[in-house]
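Order of listing sets the numbers, starting from 1, for every ligand and every atom in it. FYI, the numbering just counts along the sequence from 1.
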Amino acid sequence: MAKSVLTGMVGHGFYNQNSATQMAAIDDVLPWLESACASVDLTESAAAIRLADFGCSEGRNSVAVMRHLAACLRQRTSAPIQTIHSDLPTNDYSELFALLRPEGRSVFDDPQVYSAVVGGSMYDRLLPSHSLHMAFTFNAIAFLSRRPLERLGDYIFPNGPSALSGVGSVSREERAAFADQARADLEGFMRARAAELLPGGKLLIEVFGAGETLRTCDGIYDALNDAILEIVEEGQIDRDAYARYYQPVYMRTLDELTAPVADRNAPLAGLFQLDRAETYEVAVPFVEEFRKTGDIGKYARDYTNFFRAFTEAVLRGSLSQHPRLDDLVQEIYARAERLVGTHPERYEFHYIAIAALLTRKADD
Ligand SMILES: C[S@@+](CC[C@H](N)C(=O)[O-])C[C@H]1O[C@@H](n2cnc3c(N)ncnc32)[C@H](O)[C@@H]1O
């Protein structure tokens, strides 16, 4: 069984309010899912057509996708549809429940669409065998199931600093430990979904990652790293605490994402056929807005809230022994916001997404 590290988002609606960028990344692959809806095999007898989203967080984006796909499937079938929204047991599900039943009624405006929420790690089996027609995960599979190293001495992110920054480093050996963990997690996820999907079922994996030159980690982790180093230099935390904190997340390349199914000798080639795979750059709403308005204050705030939503829980967990934890965390993000506002060119941000669409093969 995969053990999950503390990888949750900031709850209480903060993730929902700061995830328009993730929705933009999803929008780019929605046409892939629309054609999957048009071609997925619905002939297998099942009580319902089941769709599952793994790593749904507080649910704003997950519910939007499910609404879209339920409407697509309705053009082909009048069978009941079940949407399944899954995330870690520690996830804050309160907004998701409210979104699924606003004013006590289903958000789907369709009496034959039902929803369920499942808490558990996506690297484990979570659903009955052969129960799903479609499964997907967005902006989530980069979060590792465990911390492969206890310390990362000279930077806070496994892929290392951006070429622009040059502050800090991650050795080849350190990076390899994370790449190995990411490979094992991806294969675990694919095996679990292979068991849950019906033959002919579709699996879409979309996640932020690394392109040939740009990586989604560039800029955001440089800003957070520089802010934390200021705190270290002032003696508010020591160098050992800095080394013990890192984000257990790994930015894969498209080749790493497709490796388990890339050719006939690949380890999971017997389970899935690879239909389509791409690397693409997402138009980031807060970057686009800054280009239009030049409002640097708003840009720095939106930029910082964007990465705060998915880094704060881990940072807090790592510094939890600090006597002034709330103030310290607040100060770190305030410093990051100041740095982005003062040197936007140093923390340039690009959202590079990688995605693959797979079809579950029939068992031999
Ligand atoms: C950046 S959010 C993405 C949320 C949503 N899919 C979206 O695109 O807006 C990443 C989500 O992955 C979840 N996550 C991380 N590790 C996970 C695991 N092992 N199993 C299930 N979910 C996980 C986190 O709790 C978080 O809610």
Side-chain angles (χ1 to χ4, degrees), residues 1-30 33 51-69 83-96 99 117-127 135-148 157 178 181-182 184-193 196 204-209 216-217 220-221 247-252 282 284-285 305-314 316-317 351 353-355:
M1 152 146 0
K3 268 212 234 113
S4 286
V5 290
L6 182 61
T7 41
M9 306 294 99
V10 174
H12 312 291
F14 192 77
Y15 180 78
N16 269 350
Q17 285 151 28
N18 292 287
S19 54
T21 300
Q22 287 85 341
M23 191 64 219
I26 297 171
D27 275 338
D28 289 334
V29 286
L30 266 187
L33 284 171
L51 316 178
D53 179 22
F54 295 89
C56 64
S57 192
E58 293 191 294
R60 194 183 74 148
N61 297 343
S62 186
V63 170
V65 170
M66 292 293 193
R67 289 189 71 171
H68 190 78
L69 300 185
T83 75
I84 299 166
H85 307 260
S86 182
D87 205 290
L88 291 169
T90 47
N91 183 52
D92 182 352
Y93 290 98
S94 42
E95 290 232 344
L96 171 63
L99 284 171
V117 175
V118 175
S121 170
M122 66 167 120
Y123 305 120
D124 292 335
R125 274 289 306 279
L126 296 174
L127 296 164
F136 27 88
T137 178
F138 304 111
N139 307 301
I141 205 168
F143 292 84
L144 302 174
S145 65
R146 55 183 284 275
R147 289 165 54 96
F157 196 82
F178 291 96
Q181 186 60 51
D185 285 348
L186 178 62
E187 290 187 16
F189 175 83
M190 286 183 172
R191 281 184 204 283
R193 300 302 80 79
E196 295 164 357
L204 181 99
I205 305 176
E206 178 277 323
V207 69
F208 42 83
T216 307
C217 48
I220 50 182
Y221 290 102
Q247 291 287 329
V249 177
Y250 177 76
M251 303 268 163
R252 295 179 184 85
V282 178
V284 175
N305 283 342
F306 163 70
F307 69 77
R308 184 170 185 164
F310 53 81
T311 53
E312 183 180 330
V314 179
R316 240 174 212 282
Y351 199 111
I354 54 175

Just to be sure I read this right, does ligand 1 sit under 4.0 Å from the backbone of [X], its side chain, both, or neither, counting only heavy atoms?
X      : result
Tyr123 : side chain
Gln22  : side chain
Asn61  : side chain

So, taking the atom named CZ in Phe157 and the one named OG1 in Thr311, what distance separates them when rounded to the nearest 0.5 Å?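 Between atom CZ of Phe157 and atom OG1 of Thr311 there are 10.5 Å.
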N/O separation below 3.5 Å, [X] to ligand 1:
X      : result
Gly55  : yes
Asn139 : yes
Met122 : yes
Phe143 : no

State, with a plain yes or no, whether a side-chain heavy atom of [X] is found less than 4.5 Å away from one of [Y].
X      : Y      : result
Leu88  : Phe143 : no
His68  : Leu33  : no
Ile141 : Asp185 : no
Ile205 : Leu186 : yes

For atom 17 (C) of ligand 1, state which one of Leu88, Asn91, Leu144, Ile26 supplies the nearest heavy atom.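 Selected option, by shortest heavy-atom distance: Leu88.
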Could you check whether the rings of Phe310 and Phe208 sit parallel, tilted or perpendicular, using 30° and 60° as the cut-offs?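 Phe310 and Phe208: parallel rings.
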Number the atoms of ligand 1 from 1 as they appear, then name those within less than 4.0 Å of a heavy atom of Ser57, with their elements.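 By the 4.0 Å cutoff, the relevant atoms are 4 (C), 27 (O).
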Could you tell me whether the side chain of Glu196 and the main chain of Leu126 form a donor-acceptor pair under 3.5 Å?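 Yes, Glu196 side chain to Leu126 backbone: donor-acceptor pair under 3.5 Å.
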